[in-house]
Undergrad: 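Submitted below is the structure of interest, expressed as structure tokens.
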Amino acid sequence: MEFSVNLQGKTSHEAILLRQDSELRLLDLMKRCLMSKLKCDREYAAALSAVATQGLKMDRSEEMFGSLVASTWKTMMEGLEDTGKLMKQNTINLETKVLDSLNNLYAEKRKIKKFYQEEYTKIQMQLTNISEEVNRKKLEYQKYLELYKLTRTKFEEYYVKSGRGGRKLDEVRDKYQKACRKLHLTHNEYVLLLCEATEFEKDFRTALLPDLLQHLQNIQEATIYCWKQLLQDITTMSDLTSEKFKKIQNKIENEQAAIKRNEEYTKFTEKFKTSPTEKLDFVFDASLTEDSAVKFLPNQLTVDNLTIDWLRNKMGDLESSIAESEEKRTSLENAIAKSPIINGKASLADPEISCRISMAQVHKEREIEELKCSERKMWKQVELIKSALNELGCEEVPSGCDLSLDNQTFKNDSNEQTPDRHTVAYKKNFGTKKVVNILRKQFRRKSAPSSPTAPPRTKFRRDSSSHSEGAEAVDSWVSITTNKSLVEEEWFHGVLPREEVVRLLVNDGDFLVRETTRNDESQTVLSVCWSGYKHFIVQTTSEGQYRFEGPAFSSIRELILYQCTSGLPVTGRSGAMLIKPIPREIWELNNDDVVLLDKLGRGNFGDVYRAQLKNDKQIYAVKTCRGTLPEDHKKKFLQEARILKQYDHPNIVKFIGICVQKQPIMIVMELVSEGSLLIFLRKHGDNLNESHLMKMCLDVASGMMYLESKNCIHRDLAARNCLIGQNNIVKISDFGMSREEEEYIVSDGMKQIPIKWTAPEALNFGKYTSLCDVWSYGILCWEIFSKGGTPYSGMTNSKARDRIDAGYRMPASPNTPEEMYRLMLRCWEYKPEDRPNFEQIYTVVDTLCKTFG
Ligand code: ADP
Ligand code: MG
């Protein structure tokens, strides 16, 4: 489409001008946008370099040596940096080349427009001018024509009028001639002008305007070439897929392709190769068990009464933890088996999925492994506990802590270990012949129930010199005593506590049978002396028979007899042989021989009764121990018997025996006719004179001097714990306080610490000596002279304690002899070493008694 042909019209001309304006605006817009883009690109390039710099600050530690991932990352960052650089270069190029071109183009376009506008105006003006000139000429023509006509007419008129002469005529003629000439000239001019105008108009239409338009088209189109070039330059210079960029991209892609999971750590592993983890041994520190005070074996669990329940609970806990763990593990294993990655449903080619799934799986697998480890640990512990418990077999749980009082309370008691000596001491110390005979009769009755050929008791005595003799004794005894029940056997000791029992077993092979209660269940126990003491629980079979490791028997008695005669050890592990049965001691009475009469009082462990022994008219006092009390309280109850058994003194209540065949266990003592001294003083105090009261103090001093000589600390000396008998004789009683413990126990009806009777050092430091008893003796004397008064009356225990510490001492009761009060004050010296001992007290009181006559 030619401009020259198609754009000649006026509207076309106006459109051309508008088009030129639009193009200029477009160029201007392009320029502004390009500048903005350049700014953006420059910033982006700078940002990329910054990112690359940051990305290149990688951990350069040795440990990353050989990492393909790290090296790829480095390349990526370098690529980024290069990309930045390239982009920057592009911006420079765009700025210098494209932006300049754009500016030039803009200027060019403006020039074109100006040129066109000027040229167009110029030729248009020329056309206009000539047209106007034609018009003017025409008007001039018309004017001169009119003038001609006028002058001619005038001339003709004058000519006619005047004829051919006259000045006027000349004048008119001259004017006429001039007008004629003018008209002729004008006519020619007009004709020429019309010719010129016609020619120009033709030129305008056919040459000038088309030519201008043709030129315009040419130069317009020429700029389009530049324009296109410019756009292409912009595009090329912004092309991120250009070869340079592609090179960077390819380098990165190649490196990435080179990342191989199995090569990533090869160099690292080579570089940091070490030998496998060394074994760490956890060894029992043998020095811990070197101390002879403890009898633990390294790496072996100790199974005793202190630990057995704990061990069983622990084993139960472990077993349930194992079960829990196994359940959890199984469910995890099932979950893994169902996992798509395992059965191949998931595409491992999809790295993201495979990475995610495998991580979840790793967690599960790790958890399974951990559970397995913890199960193994627990199994090992269970095995250890099980084998320790199995080791025990039918042996009774040994005692973990020997609570024997001998060392502490009865330091002179070492010779009392042999039963015979007990008996001798018993006979010597206590009994009237009468009582001994009754007991002997009872024993004979028990040991020879039906057969006149029953073996003599001596056969069973522990002074049998050799084991073979003992075995013979057993043989003959077995054959002739087949009708006996277990309870009737001399060697059945009922519920005699283990602590008591072991003192009867002296030589290897000595044995006896007893009963014990464990977790409310009664068990029959065979106690044997065999390199120490062994206690075997008789096992009951499902058929209701009895056995240890060997054959089962229908009665325990038969089982024991079999063990004696077979010559086989009770258990393989212990090797314990039954050689000599140890019969009950003279003080082990039969429960059924005691007939309880009326109640005398109430003690800490149970009621105290008047009682009779069968075949004996004599009345005794019997302390009972409630069956509901815990085992250790029963043992404490019997401690009093064990202590009393050794003493023989008129001012100490006498011990007759214990009944431990069955519940309730009992202690039989002499009956002290008037009962509690405290109650007696309160009741009959007014009838007692100073000499009576002095005599009571002397009795107690005498008994205490005896205990002091035996290194016995009473710990609970008070009027309530003394008894009064015929002729107002006072006897010290109630030896039932625990002496194992440094402090009194406050539980289950046990006494609280008798604060007002107890010496400050015992209260403050738990330090008990005979001199503590001396303090209590002072209080007891005060009780006697106050006729059963309450010490520190009106003061609470703690108040009394504080006041004592502050130096306060009770005043004497009325009628207390001065010397006696002085003695009390000496007994209440704060420092124990400042107090008199019982020997000194006895001398003082004895002298005083004599003065009172
Ligand atoms: P516990 O040791 O439990 O405190 P006690 O020995 O104090 O028991 O005895 C409680 C009560 O039983 C005494 O206060 C007393 O009345 C009475 N009693 C205890 N033993 C005898 C006895 N041998 N003769 C007479 N009465 C006694
Ligand atoms: Mg008491």
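All ligand and atom numbering here is 1-based and tracks the order in the structure. Keep in mind it's a predicted model, so treat the numbers as computed, not measured.
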Undergrad: Looking only at N/O atoms, are R602 and ligand 1 under 3.5 Å apart anywhere?
TA: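 No.
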Undergrad: At less than 4.0 angstrom from any non-hydrogen atom of G603, what atoms of ligand 1 do you find?
TA: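 Answer, ordered by atom number: 1 (P), 3 (O), 8 (O).
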Undergrad: May I ask you to check whether V672 has an N/O atom sitting below 3.5 Å from an N/O atom of ligand 1?
TA: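 Right, the criterion is met.
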Undergrad: Which is closest to atom 16 (O) of ligand 1 by heavy-atom distance: S676, A718, S733?
TA: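 When every heavy atom of S676, A718, S733 is considered, S676 comes closest to atom 16 (O) of ligand 1.
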Undergrad: Just jot down the ligand 1 atoms closer than 4.0 angstrom to any heavy atom of L671, in number order.
TA: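 Counting atoms of ligand 1 from 1, those under 4.0 Å from L671 are 24 (N), 25 (C).
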Undergrad: Would you call D648 and K654 a salt bridge, using N to O less than 4.0 angstrom?
TA: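 Looking at K654 together with D648, the answer is yes, because their closest N to O distance falls below 4.0 Å.
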Undergrad: Salt-bridged, K614 to D592, with N to O below 4.0 Å?
TA: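 The answer is no: the pair does not qualify as a salt bridge.
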Undergrad: Looking at N721, which atoms of ligand 1 are within less than 4.0 Å of one of its heavy atoms?
TA: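 In order of number, 7 (O).
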Undergrad: Heavy-atom contacts with L723 under 4.0 Å: which atoms of ligand 1 show up? List them by number with element.
TA: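 Those qualifying, in numeric order: 15 (C), 18 (N), 20 (N), 21 (C), 22 (C), 23 (N), 24 (N), 26 (N), 27 (C).
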Undergrad: Answer yes or no: is there an ion pair linking K831 with E761, defined by an N-O contact shorter than 4.0 Å?
TA: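 Salt bridge flag = no for E761 with K831.
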Undergrad: Would E640 and K623 count as a salt bridge (charged side-chain N to carboxylate O under 4.0 Å, His left out) here? Give the steps.
TA: CA-CA 10 Å; E640 178 168 23; K623 277 185 162 184; 2.8 Å; yes
Undergrad: Going by the atom numbers of ligand 1, which of them fall below 4.0 Å from some non-hydrogen atom of M669?
TA: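 Answer for ligand 1: 20 (N), 23 (N).
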Undergrad: What residue pairs, at least two apart or across chains, pass ring pair (Phe, Tyr, Trp, His ring centres under 6.0 Å) with a residue in residues 677-699?
TA: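 Those involving residues 677-699 are F680-H684.
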Undergrad: Output every pair passing side chain to side chain donor-acceptor pair (under 3.5 Å) with a member in residues 693-703, not counting sequence neighbours, ordered by first then second residue.
TA: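 Counting only pairs at least two positions apart or across chains, the side chain to side chain donor-acceptor pair (under 3.5 Å) contacts touching residues 693-703 are H649-S702, N651-S702, K695-D699.
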Undergrad: Would R720 and W757 count as a cation-pi pair here, with the cationic atom under 6.0 angstrom from the ring centre and within 45° of the axis?
TA: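 Checked: cation-pi criterion met.
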Undergrad: Only heavy atoms of K623, strictly under 4.0 Å: list the atoms of ligand 1 that pass.
TA: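 Within the 4.0 Å cut-off of K623, ligand 1 contributes 1 (P), 2 (O), 5 (P), 6 (O), 8 (O), 9 (O).
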Undergrad: With a 4.0 Å cut-off on heavy atoms, is R610 touching ligand 1?
TA: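 R610 does not count as a contact of ligand 1 under the 4.0 Å cut-off.
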Undergrad: Is a salt bridge present between E674 and K683, judged by a nitrogen-to-oxygen distance below 4.0 Å?
TA: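 No salt bridge links E674 with K683.
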Undergrad: Using a 4.0 Å heavy-atom threshold (strictly under), name the region of N604 that reaches ligand 1: side chain, backbone, both or neither.
TA: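 Both backbone and side chain of N604 come within 4.0 Å of ligand 1.
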Undergrad: Hey, which atoms in ligand 1 end up nearer than 4.0 Å to a heavy atom of V653?
TA: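 Going through ligand 1 atom by atom, the ones under 4.0 Å from V653 are 23 (N).
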